[in-house]
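Everything on this sheet refers to the single structure shown next.
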Amino acid sequence: MSLLTAWFSGKESVEKTSRPILSEILKTMRESVIVVGKDTRILASNRAAYNAFARNNGALEDKRLSEVVRDLALHEAFRKALEEGASSDIELELPSIERRKYDVHIAPIEFEKTKGAIGIFYDITQIERLERVRQEFLSNVSHELRTPLTSILAFVETLEDGAINDEENNRRFLKVIRRNAQRMHHLIDDILELSFIESGGIALAPKSVNLHSLIEEIFTNLSGKAKQQRVKLKNEVPKETFVFADAVRLEQMLTNLVDNAVKFNVKAGSVTVGFARKDDRDIISVTDTGEGISAEHLQRIFERFYRTDRARSREIGGTGLGLAIVKHLARLHGGEVSVASNPGKGSTFSVELPSKSA
Ligand code: ADP
């Protein structure tokens, strides 16, 4: 008879049968559990606790709690449980290489007439990280929206205060209002787009796409901007190159990269789109002759709102969300986007996609 059957049928004493079951449950728990005796010596712990706290120092049992975790609040909580029979909840932060944070519930327990205390450690590192990301995102969004809004309000007030009749300036003020409103519009579009992609809201419809033709189309759309900057657009993708991707999303990714390559270029520079097939990956590269990106920024430019020069990006109409959108779309295709740069000379952004035969 299995332990569980015995337990439920009541044929053996609950006490006797439940012990090994509970021991198995403790083993599989993700939460760390530590039980200490009167002198805060560890009497029992589960596998999760061993993985979290032992750090090559062998079993936790028989060690003093202070040898395993050095934290005043934790010790005080265990002391209170042992000496005063009081439960408590604390937050514990371990300054290890990868900072970990726990919500710990400490309570008194009694077994075989011995008094002890149990600590259950819930790892909240990931929840905390997500919360931080959420707060940062909110504060970035508010900041990015507030800047153009402040400008709009200021110019509306100026117009109201009489500038509306100032024939020389009123149109210029209206233009500034329009530009800032457009910036807010653009930002909101990008935020919605990013959250839509991140929530898994889009379904890709991948098919064979003629890459050469797609690049031609993108170049046509961006030709006005490129002309303004006197930037030359070069399509070096061989004519009959096909990649397997969602055509709309691929266009969106490459438009973003080519647009940046034009925006962050030097006057009379160039943007070259190339193609290579390596093993089972198709690599589309967008190379510019711009200012490049220094090593400290390279790691971070795919993060939301990260810009090497915030004021300049804003001036040229950036939201700081474009590369984050590209990253998500590339991943959604089972691919990746990467960047290599030679500061002062230019950058190459590469979108890698699984080739169709893969
Ligand atoms: P933005 O809307 O500012 O262009 P992105 O997410 O597209 O936002 O880009 C983030 C930042 O990465 C840019 O503000 C810029 O600092 C940097 N960046 C992107 N592309 C290039 C490039 N081709 N050359 C130099 N810097 C670039």
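All values below come from the heavy atoms of this structure, side chains included, with hydrogens, waters and symmetry mates left out. Order of appearance sets the numbers: ligands from 1, and atoms from 1 within every ligand. Throughout, numbering of the chain's residues begins at 1 and tracks the sequence.
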Under 3.5 Å: N/O of G320 near N/O of ligand 1: yes
Reported CZ-to-OG distance for the pair F242 and S355, which is rounded to 0.5 angstrom: 14.5 Å
Euclidean distance, M253 CE relative to L323 CG, rounded to 0.5 Å: 12.5 Å
Over 12 foreign heavy atoms within 6.0 Å of CG, L192: yes
Option passing side-chain contact (heavy atoms from CB on, under 4.5 Å) with L353 (candidates L250, I283, V209): L250
Min side-chain heavy-atom separation H212-P238 under 4.5 Å: no
Worked check of side-chain contact (heavy atoms from CB on, under 4.5 Å) between N46 and K27: CA-CA 6 Å; N46 68 348; K27 252 194 235 166; over 6 Å; no
E291 N/O to ligand 1 N/O under 3.5 Å: no
Those atoms of ligand 1 less than 4.0 Å from some heavy atom in T308: 15 (C), 16 (O)
Non-hydrogen atom of F302 closer than 4.0 Å to ligand 1: no
Heavy-atom gap K263 to ligand 1 smaller than 4.0 Å: yes
I301 N/O under 3.5 Å from ligand 1 N/O: no
Where ligand 1 meets L323 - atom numbers and elements under 4.0 angstrom, heavy-atom basis: 5 (P), 6 (O), 7 (O), 9 (O), 10 (C), 12 (O), 19 (C)
R178 atom CZ, neighbour heavy-atom count above 12 within 6.0 Å: no
R307 N/O to ligand 1 N/O under 3.5 Å: no
Distance-only N or O hit between ligand 1 and D288, under 3.5 Å: yes
Proximal ligand 1 atoms for Y306, defined as those under 4.0 Å from one of its heavy atoms: 10 (C), 11 (C)
Where ligand 1 meets L321 - atom numbers and elements under 4.0 angstrom, heavy-atom basis: 6 (O), 8 (O)
Polar atom proximity, N256 to ligand 1 (N or O, under 3.5 Å): no
Over 12 foreign heavy atoms within 6.0 Å of CD, E110: yes
